[in-house]
Structure formats: C-alpha cells, structure tokens
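Input: a single structure, listed below in structure tokens.
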Number of protein chains: 2
Amino acid sequence: MDDSNIKNADILALEKFLPYRLNQASEKVSQKFAQEYKKRYGLTRPEWRTFATIGQFGTITAREICNHSPMHKTKVSRAVFALEKRRWVKRTQDPTDRRLEHLELTTTGQATYKDLVNVANVFEEKFIQSIGDQDAQLLLRALDAIERRFEA
Amino acid sequence: MDDSNIKNADILALEKFLPYRLNQASEKVSQKFAQEYKKRYGLTRPEWRTFATIGQFGTITAREICNHSPMHKTKVSRAVFALEKRRWVKRTQDPTDRRLEHLELTTTGQATYKDLVNVANVFEEKFIQSIGDQDAQLLLRALDAIERRFEA
DNA sequence: AAATTGTGGTTGCACATGTAACCATCTATT
DNA sequence: AATAGATGGTTACATGTGCAACCACAATTT
C-alpha cells in the first residue's frame with residue numbers, strides 16, 4: 001500500500017511545509033533580483049521599492065506608498081530620505097495640506113527609473129523562461145488565489 | 001484590439017511584477033503563521049526554524065541546520081542559545097571531534113515540538129482550504145518548478 | 001612533529017528594522 | 001474660536017541581522 005501521501009503526525013518535514021517552501025522560493029528569487037539592483041544602483045530593498053513606486057505613480061505621498069506596497073512608514077521615510085540625498089527624488093509641499101509631501105522623480109531619477117524598469121522586465125522574462133512558461137502560468141494563478149484570499 | 005497582455009515598457013506596475021507578488025504572498029503567509037507561534041511560544045522566526053529543524057532530525061549540528069534550512073550561521077548560533085536558555089534544546093559534544101555540538105530536544109522541548117507540529121499542520125491545512133484545493137495544487141507544482149530551477 | 005590551512009561555532013561591531021513617542025498640521029466637537 | 005482627537009511624517013531607542021574577525025580544534029602539508 002502506498003502511504004506516500006499520509007502525513008506523519010509526529011514530525012514536520014520543513015522542506016515539505018507549504019509556508020516554508022513559499023518563503024524559500026520567494027527569498028531566493030528576491031535575493032537574486034536584489035543582487036542585480038544592489039550591484040547596479042546600490043539600492044536597498046525598501047529603497048528600490050519606494051523608488052519603483054514613485055516612478056510608477058509619477059506623484060505620490062509617503063503614506064500612499066505604504067498603502068500600495070506594504071512597508072512600515074519608517075522604512076519609507078528613510079528610503080525617501082536616501083533617495084532624496086541621491087537627487088533621484090524630490091519633495092513638494094501640498095499647498096492646501098501642509099502635512100503632505102508629494103514625491104516625484106527628478107530628471108536624473110527618471111533616467112534611472114527607465115533603466116530599472118528595463119532591468120526588472122528582463123529579469124522577470126528570464127525567470128519565467130527558466131522555470132518554463134507552463135509552470136509560470138501555474139505560479140500566476142496560484143498567486144492570484146493567495147492574493148484573493150488575503151483580500152477577503 | 002485587446003492589448004491587455006502588451007507590457008508598457010515605460011512603467012513597471014509593481015503589483016504585477018512577479019518577484020514582488022511572490023514576495024508579498026510569501027510575506028503575508030509567513031507573517032500570519034509567525035503570529036501564531038509568536039503568540040503561542042514567543043519564538044522568533046529563526047528560533048522557530050531552528051527548533052523545527054532539530055525536532056525534525058532528532059540530532060543535528062548547527063552547521064547542518066544551516067545547510068538544511070538556509071540561514072546565516074550567526075542566526076542559528078543565537079537561536080540555539082535562546083532555545084538552550086529555555087531548556088528546549090541541549091547540546092552534546094562530539095566525542096571524536098570536539099568542535100562539533102550535537103543538538104537535540106529536551107523532554108520539555110519534545111512536548112512543545114509535538115504541539116508545534118500540530119499547529120503547523122493545522123495551519124497548512126487551513127491555508128490550503130482557504131485558497132482552495134485546486135489552486136493549492138497549482139502552488140505546489142509552481143514551487144516544485146522554482147525549486148528545480150534553483151537546484152540547477 | 002611543526003606549521004599551515006580548513007572548519008564548527010561565537011562574538012564585536014556596524015547597520016537595518018520595528019515600536020513608540022513625538023512634532024506639526026488638519027479635522028471635528030463644543 | 002478653543003479644545004480634543006486624528007493624520008502625515010520624523011526621530012530615539014531597543015532589538016535583529018550580516019560581516020568580519022576570532023577561538024578552539026582538526027586535517028593537511030612539509
């Protein structure tokens with residue numbers, strides 16, 4: 001009798017535990033990608049994300065960045081500071097609500113962003129090729145499902 | 001004409017970027033699970049992993065833990081220390097190679113581990129139900145593919 | 001067998017991160 | 001219009017983490 005699907009209740013095989021596997025897979029991919037933009041631009045993860053989000057929206061506030069790509073607000077605050085120091089991002093005070101700062105890319109920032117988009121697309125493309133189109137489709141559908149689950 | 005699959009080359013939509021989505025999904029699941037064992041046992045992530053790995057293998061060295069579930073060796077070192085202080089883990093010097101320490105669970109540790117395994121299995125089961133069996137199957141196959149990719 | 005090199009594990013230091021407290025401003029209540 | 005509460009954003013502090021240097025010991029070279 002084949003008991004390969006019966007779970008041993010006494011021991012947890014970490015390498016078969018779904019949250020662990022998901023975490024490992026994600027971590028490996030993220031690390032490989034991070035390596036790319038760290039080498040290229042010297043950006044940290046939160047900085048890359050903040051930068052990419054500002055680029056995506058054109059103009060956005062720190063709070064909105066937090067909402068769109070979940071990060072702690074101190075992370076965003078520090079990332080913005082770093083990006084500002086590099087002159088890739090500039091702030092503009094909102095005229096009607098002086099608490100708000102609208103963030104946008106400088107001209108230099110825009111040039112870098114263009115490159116970043118390209119690097120990201122190439123990476124994604126290569127990644128999809130490396131696991132195969134079919135499995136990539138499965139992955140997309142699985143991610144849809146997980147995202148749906150967390151919206152509910 | 002339907003251009004929904006044509007990628008705008010100028011802007012990167014973060015929420016559609018595969019590595020980002022994978023990372024978010026993983027992070028959400030991990031956080032939800034971490035919440036469980038943090039509340040229950042007060043364990044940090046590296047501690048949980050170290051503990052689970054020792055439980056899985058019965059006897060294992062710190063180095064082997066690093067190899068099996070990729071963590072920096074300082075993380076493991078500190079986790080072992082914390083687990084030892086709680087008296088969930090004990091060390092034994094290797095008689096032939098005195099650099100090696102064999103780690104195993106104490107009796108208390110074993111009891112906790114039993115509970116941990118149960119909590120983990122219940123969590124996994126509920127997670128699979130929550131996204132649906134079919135999508136869970138897709139996820140498993142996608143993870144297989146990613147893992148294969150990183151072994152090569 | 002002495003010296004060099006490698007390995008398991010720990011520690012010091014610098015840096016990243018989360019929490020909470022904070023400042024400035026806006027909104028709502030009175 | 002004065003007060004109380006909420007909100008955008010920053011900062012101080014405590015904790016977590018990675019890197020490099022380190023210690024003790026083992027293996028290899030001479």
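The figures here come from the full heavy-atom set of this structure, side chains too, leaving out hydrogens, waters and symmetry mates. Just so we're on the same page: letters track the sequence lines, and every chain starts at 1.
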* **Where protein sits on nucleotides 15-23 of chain D, one letter per nucleotide: B base, S sugar-phosphate only, - none, heavy atoms under 4.0 Å** => --BBBB---
* Asked: Within 45° of the ring axis of B/W88 and under 6.0 Å from its six-membered ring centre, is that where the NZ or CZ of B/R86 lies?
  -> yes
* **Other residues, nucleotides, ligands: >12 heavy atoms within 6.0 Å of A/F81 CZ** => no
* Please determine if a side-chain N or O atom of B/R63 lies less than 4.0 Å away from the OP1 or OP2 oxygen of C/dG6. => no
* To do: Indicate whether OP1 or OP2 belonging to C/dG9 is found under 4.0 Å from a side-chain N or O atom of B/S77.
  => no
* To do: Nearest whole angstrom, please: distance from the P of C/dT7 to the CG of B/N67.
  => 12 Å
* To do: Output yes when A/D144 and A/R149 qualify as a salt bridge under the 4.0 Å nitrogen-oxygen rule, no when they do not.
  => no
* Asked: Salt bridge between B/R91 and B/E84, side-chain N to carboxylate O under 4.0 Å?
  -> yes
* A/R21/A/E15 salt bridge by N-O under 4.0 Å criterion -> no
* Nearest-Å distance for atom pair CZ/P, residues A/R49 and C/dA16 -> 17 Å
* Starting from the C-alpha separation in whole Å, work towards a yes-or-no answer on ring-ring contact (aromatic ring centres under 6.0 Å, His included) for B/F17 and A/F33. => CA-CA 12 Å; B/F17 184 52; A/F33 183 52; 5.3 Å; yes
* Quick one: do A/L105 and A/L100 end up in the same hydrophobic cluster if we chain Ile, Leu, Val, Met, Phe, Trp and Tyr together by side-chain heavy atoms under 4.5 Å apart? -> no
* Structure fact -> Contact check, residues 92-104 of chain B vs DNA chain C, heavy-atom distance under 4.0 Å, returns B/R99, B/L100, B/E101
* Should the heavy atoms of other residues, nucleotides or ligands under 6.0 Å from NZ of B/K114 be counted, would the total exceed 12? -> no
